[in-house]
Amino acid sequence: MAGVREARGDLHLEGVTKTFGDFVAVDDLTLHVPRNSFFALLGPSGCGKTTTLRMVAGLEQPTTGRVLIGDTDLTGSRPYERPVNTVFQSYALFPHLTIRDNVAFGPKRRKEKDAAQRAEDALELVQMTQFAGRKPAQLSGGQQQRVALARALVNHPEVLLLDEPLGALDLKLRREMQVELKRIQTEVGLTFIHVTHDQEEAMTMADTVAVMNKGRIEQLGPPSELYDLPRTRFVANFLGQANTGVGAIEGIDGEHLVADVLGTKVKILKDRSQVHEGEVLFGVRPEKVTVSRTQPAGVGNDVKGTVRDVSFLGVATSYLVDMPSGTTWSCYEQNLDVEPLDLRPGDEVWLTWNPGHAFGVSPEEA
Amino acid sequence: MSALAHVTTDPAASTAQGPRATGRSRTAYLLLLPGVLWLGVFFLLPLVQLAAVSLQSRYPGFPGYYYPDLNFANYAAALTDYAPHFARSFLYAGLATLLAFLISYPLAYAMAFKAGRWRNLMLICVIAPFFTSFILRTFAWSQILADEGWVVGVLSFLNLLPGGSIINTPVAVVAGLTYNFLPFMVLPIYASLERADPRVIEAGGDLYANGFTTFRTVTLPMSMPGVLAGTLLTFIPAAGDFVNMELLGPQRGKMVGNVINDQFLAVPGGYPVAAALSFTLMAAILAMVFLYVRRFGTEELV
Amino acid sequence: MAAMTPTTPTSSTAASGPAQRPSAARRARLWLANHFAVIAAILVLLYLFLPVAYTFAFSFNDHGRSNIVWQGFTWEHWQDPCGVPGVCESLVTSLQVGVISTVVATVLGTLMALAMVRYRFRGRSASNLLIFVPMATPEIVMGAALLTIFVQGFSNIGISLGFGTIVFAHIMFCLSFVVVTVKARLQSLDPRIEEAAQDLYAGPLQTFWSVTFPLILPGIAGAAMLAFSLSFDDFIITNFVSGNESTFPKFVYVASRRGIPAEANVIGFSMFVIAVLLVVGAQVVSSMRASRYKS
Ligand SMILES: Nc1ncnc2c1ncn2[C@@H]1O[C@H](COP(=O)(O)OP(=O)(O)O)[C@@H](O)[C@H]1O
Ligand SMILES: [Mg+2]
């Protein structure tokens, strides 16, 4: 295992499965994380994100499959042999050591000569220099978070794992730290794997987002792509809002599939639909839907509904509209017009959208 | 002594660390080996020997010499001749446990909910008396309860003492047992009350608006693990004790501990019956403990 | 009034209106109901200290042959606590036994606690039982069992009753209490903290010495204190296995027939004072540290 600590390159998970008893926490996961990228693992609580990280860190061994950095197989090696560091969900700072000693812990174990200087530099990077002499219990949650980050960064790991690092912070602090983390990642240029269940956080920070559900990766790609063209029902609903309806595909009209969603004919671009026959879950994002009082002429993708609720949000107005099918759609209208639509609950409206924005996925949950 | 609070742990605590079933068993066995060996050689092996002795027979005419045998008459003798001693041991220990519970609870309650910044001081006060020798304190009770002492004086003056005497009566023995094992009752109850959330008790107060109902339905159940541990830790040593009887009790009507002690150390040729008595005492207490724990406690004992 | 004391059982009778002052008797009852636990606690603490006060007082008793009733005041026993033959020798024996037993039991017990908390292995519940049963066994049974094996079994291999057998026995009964105390501390330790150390390049031994050990040290210290006090104060088991060796409790017990010499009171009370000072000192130091963190 001599080479493990010197492993360099992209992170690969190859067919990694982890079972606890007969419960499958991570299911045949294959993943490629390019070196120096900011990668987000996004998924609901309990979907196996922490377990995945722990296998990369070496705190847990996969039941089957391999973990590699570059060409070096890490599987089976111990956590202290891997060039990987973790920012734990609960920070896990050493309560008996000062902040300075917490940060210097890694370099000292690696017998770095300039351990103290490195710790100072790392503390400076996270702007915690003035707290170096304190103990963790004397810091706020946000400060502890920064220390946990410094303690991992100071080692210049090949891969840095962050397990919901901002989960315990309040909203404002979380936004600040998102920007800060992004800055630090650009500055130090390490591979960051950032685990979160907050889709907004994943989308604003990461180059690549992997959406995980029940131990599997449902979809992986740049945030804009995931949002624009989800490939599964889970991704469509987990990443942002989507107005959806289940229908049957009835035929083809040139570039489009035509589906009947509870009496309304809708069109979906063929290459924006994952299914081409049978049942389909039709979807369109709220901001892609236009609300008007009268039926717009000749567009075709329109439905009549009844306004249930109007909320004025400043830059936009959000409408909840009851559809004839019984579902409720939500729509955002930018407040650009001089004379805004003056809609009240109970008013009848027409909703239209560009069929190019619609997407279709299988109605089955994976 | 706070360790005693953990004789029963809540099941949540033991399952919470389930995921950390890491580590290789070989290391575990190495870590356990010295301690287990020690307990094997100086606890289990002696018990086996005690069992063997309890079945030995005497060489007639040679007190103090025995030969290996399966002499169950020793047990018959232990159970018939000394039945009253067993009864007294369990009765006095039971009374002492009950009294200790009644005395301890208000103290533990006050420490947990009323003491505020005095809490640590009170904790020290509970433990501190036990830094003087147990025998010295028991002897002090013989002076406090003596016929010439102020306790007897006050009680006689109030006509509350028909016998005219406390020392050398079972009352003094129970008093001594109660006193000697009190911290074993206070500390576990305090520990379990301290873990309880006072807001739950306040909520109970709002629901019932009656101090006693709140206590019975909310406070007491929450402290049950502590009460369980405390009663065991009081009852077990009290039932096997002989010092309180020796220093405070009457000449006749001893407890089983006195018999065992005398048969082993004072009476020549007493080993087999004394061993049978010891074994019976241990079996009876362990049986009670397991029934009691099964009835009120949690699965994992330590 | 009713609103102020919602938990008192008699609040239903307080509906007579706020203008009316409650009777003095009622106020006294309310006050008692509110302060019952505190009053009871103070009385119990006084009760706990009563025999200690007697021990202290009788250390000044100018007794002749028997120190049972008060006969007059003297400083004599405090000036020469070793004045009675055997008392200081027994004290030294007790201290030696206590220190050796504490060190051995604490080391062995800590190792066992580590195994029990950190590993899952076959025989774990049997080990658990082996640790629990000595705590549920009356001392007299353990003493009797040890006596039979020392006299009938181990005497063949050259072990006779005395200092060694006392130490063997004390280590045995202290062990379970050490395990339980250290175990509790280990269980309350967040396993992530040790994982963090591993993640930061500390191997198993480095993790233990740099993180686990410092964090469970208060538990180990508590266990050691407990072991020492159990050993120092043990009489019943010691009485069975000590042969001709005398420990301080045994000395006191033997002497109690004729009244314990006041020198023993001096020693007993001094041990009490030393122990209390140690405990209070440790408390003060730790609370001073805590307040330094806050500033
Ligand atoms: N050591 C373990 N033993 C048993 N089940 C576990 C263990 N660790 C995790 N799990 C289970 O695996 C699933 C995934 O857990 P985790 O990876 O922590 O989820 P996430 O971090 O995404 O919230 C959960 O259902 C959890 O209960
Ligand atoms: Mg998690």
Side-chain angles (χ1 to χ4, degrees), chain B residues 1 3 6 13 17 20-21 23 25 28 31-32 34-36 38-39 42-43 45-47 49-50 53 103 106-107 109-110 114 120 124-125 128-129 131-137 139-141 143-144 205 209-212 236-237 239-240 247 257 260 264 275 278 281-282 285-286 289 301-302, chain C residues 6-7 9 37-38 40-41 44-45 48-49 51-52 54-55 108-109 111-112 114-115 118-121 127-128 130-132 134 136-141 144-149 153 168 171-172 175 177 180-181 184 187 191 226 233 235 249 252-253 256 260 268-269 271-272 275-276 279 283:
Chain B
M1 230 173 274
H6 301 282
Q17 33 134 353
R20 275 204 39 105
S25 0
L31 291 171
L32 274 179
V36 166
W38 203 280
L39 289 178
F42 295 108
F43 180 72
L45 213 58
L47 281 182
Q49 179 69 22
L50 185 71
V53 172
I103 295 172
L107 176 58
Y109 184 91
K114 307 267 178 189
N120 278 342
I124 293 174
C125 285
F131 293 138
T132 30
S133 169
F134 144 65
I135 310 242
L136 276 176
R137 276 176 293 120
F139 186 76
W141 277 109
Q143 293 170 307
I144 298 168
N210 173 323
F212 183 70
I236 295 168
L247 296 183
I260 296 174
F264 269 116
S278 310
L281 178 66
M282 178 175 179
I285 285 182
L286 278 183
V289 168
L301 283 167
V302 192
Chain C
T7 51
V38 176
V44 174
L45 286 178
L48 280 171
F49 275 96
V52 181
Y54 260 74
T55 303
L108 298 192
L111 296 181
M112 288 178 95
L114 280 167
R118 284 289 176 262
Y119 299 87
R120 296 288 170 275
F121 51 90
S127 313
N128 232 338
L130 183 63
I131 292 162
F132 172 71
T137 305
E139 281 189 59
I140 189 142
V141 177
L146 283 163
L147 177 68
T148 61
I149 199 135
F168 293 154
I171 293 170
M172 184 272 290
L175 200 50
F177 288 94
V180 171
T181 313
Q187 276 169 336
L226 177 64
D233 204 20
F235 169 67
V252 176
Y253 181 79
S256 69
I260 296 162
F269 188 77
M271 291 302 297
F272 162 79
V276 170
V279 171
Q283 279 284 334

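Numbers restart at 1 for each chain; the letters A, B, ... are given by sequence-line order, proteins then strands. Computed from a predicted model, the values in this text were never measured in an experiment. Any value given below was found using the heavy atoms of this structure, including those in side chains, with hydrogens, waters and symmetry copies removed.
The part of Leu175(C) that comes within reach of chain B is its side chain, from C-beta onward, which places non-hydrogen atoms under 4.5 angstrom from that chain. Of the two parts of Leu147(C), only the side chain, counted from C-beta on, holds a non-hydrogen atom closer than 4.5 Å to a non-hydrogen atom of chain B. Heavy atoms of Ala128(B) lying under 4.5 Å from chain C belong to its backbone as well as its side chain. In this structure, chain C has heavy atoms under 4.5 Å from both the backbone and the side chain of Leu136(B). Neither the backbone nor the side chain of Glu139(C) comes within less than 4.5 Å of any heavy atom in chain B. With a 4.5 Å cut-off on non-hydrogen atoms, Leu247(B) touches chain C through its side chain but not through its backbone. If you measure heavy-atom distances from Ser127(C) to chain B, the contacts under 4.5 Å come from the side chain alone. For Ile124(B), the part sitting under 4.5 Å from any heavy atom of chain C is the side chain, from C-beta outward, and nothing else. Using a 4.5 Å cut-off between heavy atoms, Ile260(C) touches chain B through backbone and side chain atoms alike. The contact between Tyr253(C) and chain B is made by backbone and side chain atoms together, counting heavy-atom distances below 4.5 Å. Contacts of Pro237(B) with chain C are absent, with no heavy-atom separation under 4.5 Å from either backbone or side chain. With a threshold of 4.5 angstrom between heavy atoms, Leu286(B) approaches chain C through side-chain atoms but not through N, CA, C or O.
Ranked by heavy-atom pairs under 4.5 Å with chain B, the first of Val276(C), Leu48(C), Leu146(C), Val279(C) is Leu48(C). When the candidates Pro134(C), Ala41(C), Ala37(C) are compared by the number of heavy-atom contacts under 4.5 Å with chain B, Pro134(C) comes out ahead. For the set Phe43(B), Phe134(B), Phe264(B), Trp141(B), the entry with the most heavy-atom pairs within less than 4.5 Å of chain C is Phe43(B). Contact tally against chain C (heavy-atom pairs below 4.5 Å) for Val36(B), Leu47(B), Ile285(B): the top residue is Val36(B). Ranked by heavy-atom pairs under 4.5 Å with chain B, the list Val38(C), Leu114(C), Thr137(C) is led by Thr137(C). Listed options Ile144(B), Val53(B), Asn120(B), Ile103(B) were ranked by heavy-atom pairs under 4.5 angstrom with chain C; first place goes to Ile144(B). Note on Val52(C), Leu108(C), Asp233(C): by heavy-atom pairs under 4.5 Å with chain B, the leading option is Asp233(C).
Using a 4.5 Å heavy-atom threshold, the side chains of Cys125(B) and Phe49(C) count as touching. Proximity of Phe272(C) to Thr55(C): side-chain heavy atoms (C-beta onward) are nowhere separated by under 4.5 Å. Two residues are said to be in side-chain contact when any heavy atoms from C-beta on lie closer than 4.5 Å; Leu32(B) and Tyr119(C) fail this criterion. Annotation: side chain of Tyr109(B) is in contact with side chain of Lys114(B) (closest heavy-atom distance under 4.5 Å).
In terms of heavy-atom proximity, Pro34(B) sits nearest to Leu31(B) at CD-O, 3.6 Å. In terms of heavy-atom proximity, Ala115(C) sits nearest to Phe121(C) at O-CE2, 3.5 Å. Among all heavy-atom pairs drawn from Pro51(C) and Arg137(B), the shortest one is CB-O, 3.8 Å. Closest non-hydrogen pair, Ala40(C) versus Pro106(B), comes out as CB-CB, 3.6 Å. Of all heavy-atom pairs spanning Ser278(B) and Ala144(C), the tightest one is OG-CB, 3.7 Å.
Remark: side-chain polar atoms of Trp38(B) are paired, donor with acceptor, to backbone N or O of Phe168(C) under 3.5 angstrom.
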Start with the C-alpha gap between Met172(C) and Leu39(B), add the side-chain angles, then the distance that decides, and say whether side-chain contact (heavy atoms from CB on, under 4.5 Å) holds.
CA-CA 6 Å; Met172(C) 184 272 290; Leu39(B) 289 178; 4.1 Å; yes
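For Gln143(B), there are no side-chain hydrogen bond (donor to acceptor under 3.5 Å, both in side chains) partners, not counting sequence neighbours.
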